[in-house]
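Here is the structure we will look at, set down as structure tokens.
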Amino acid sequence: MAKNKRQGRSAPEAVVEQVGGGVAELRPDRDRPRGRTLLLDGAPQSHVDLDDPTYLEFEYQRRLGHVIDLVAPPRQPLQIVHLGGGAFTLARYAAATRPRSTQQIVEADGPLVQLVRRELPLDPGARIRVRTADARAGLAKIPDAWADLVIADVFSGARTPAHLTSAEFLTEVRRALKPSGWYAANLADGPPLAHLRGQIATAAAVFPELALAAEPTVLRGRRFGNAVLVGAAVALPVGELTRRVAGDGYAGRVESGRPLVDFAGGARVVSDADAVASPAPPPAVFD
């Protein structure tokens, strides 16, 4: 049975429940009356403001928001697959910025889906379907060439599962994409960046066009953090993405072309046979 715990005296209060992936907490945002941060086992996962779904609190979500903005002309409806649901932040963003978009969310944690649906309900007018399934199994059910955009933001115990890091997985992503479609992934790594370099090499084996956005300190291997990798079979608007990422609250950098190949440093392409989960973040990351 799920356990609720109400904390503090002032309203609104935090909601804490046991879900499939651990202990989930929806923590109120002091600055936004209907804002909530989702934490799993104390690790921040996503943030939602029900009054303003276009507000993206976390830097990696802002960078994925830039991808949603740039994949097609403004307000053009899209068909989007979200692998990993969290608090449905990016699906809400796309529904607000691109009305009439059709979106599918694939989230393995059924109790988490129930918690988010209850406490942070989706706009009933949004065309968002939530499917409780493993990300790769759910992706296999997407028709060929259906999606304009596939976003992968899947973490289990703060690590991306191994079967979502391989060339076989990315080949399945490309199958589900339209010829002009994009793939975007939220990746997490720290020194010596072996996982990130391997993911770049793996994506390069499937997508001829790549771009990577992250904070400079992460790219230099000075600390653990997030990076957003974008892949496509068509040219990416690297200049505009660079401008937007540089203008974020924590200014980021975009690498593409030869510099990105050099950054990968000859890393090997990951296959299902040798895939491993992304590294666990150091405890101090969430202090």
Spacing of CZ belonging to R36 relative to CG belonging to D49, to within rounding of 0.5 Å = 9.0 Å
NZ (K178) and CG (L149) are apart, to the nearest 0.5 Å, by 11.0 Å
Determine yes or no for a side-chain-to-main-chain donor-acceptor pair under 3.5 angstrom, with E107 supplying the side chain and G84 the backbone.
-> no
Determine yes or no for a side-chain-to-main-chain donor-acceptor pair under 3.5 angstrom, with D123 supplying the side chain and G125 the backbone.
-> yes
Distance from F88 atom CZ to I128 atom CD1, nearest 0.5 Å?
-> 8.5 Å
Separation between CZ of R197 and CG of L260, rounded to the nearest 0.5 Å = 10.5 Å
Within 45° cone and under 6.0 Å: R136 NZ/CZ vs F169 ring = no
One should read off an interatomic distance between I105 CD1 and H82 NE2, to the nearest 0.5 angstrom, of 5.5 Å
Six-ring centre of Y55, R32 cation under 6.0 angstrom, axis tolerance 45° = yes
Between the side chain of E168 and the main-chain N/O of D272, is any donor-acceptor distance below 3.5 Å?
-> yes
Without swapping roles, check the side chain of Q103 against the backbone of A91 for a donor-acceptor pair under 3.5 Å.
-> yes
Rounded to the nearest 0.5 angstrom, the CG-CZ distance for L70 and R243 is 9.0 Å
Please test R27 against T37 for side-chain hydrogen bond (donor to acceptor under 3.5 Å, both in side chains), starting from the C-alpha separation and ending with a verdict.
-> CA-CA 5 Å; R27 183 178 297 173; T37 298; over 6 Å; no
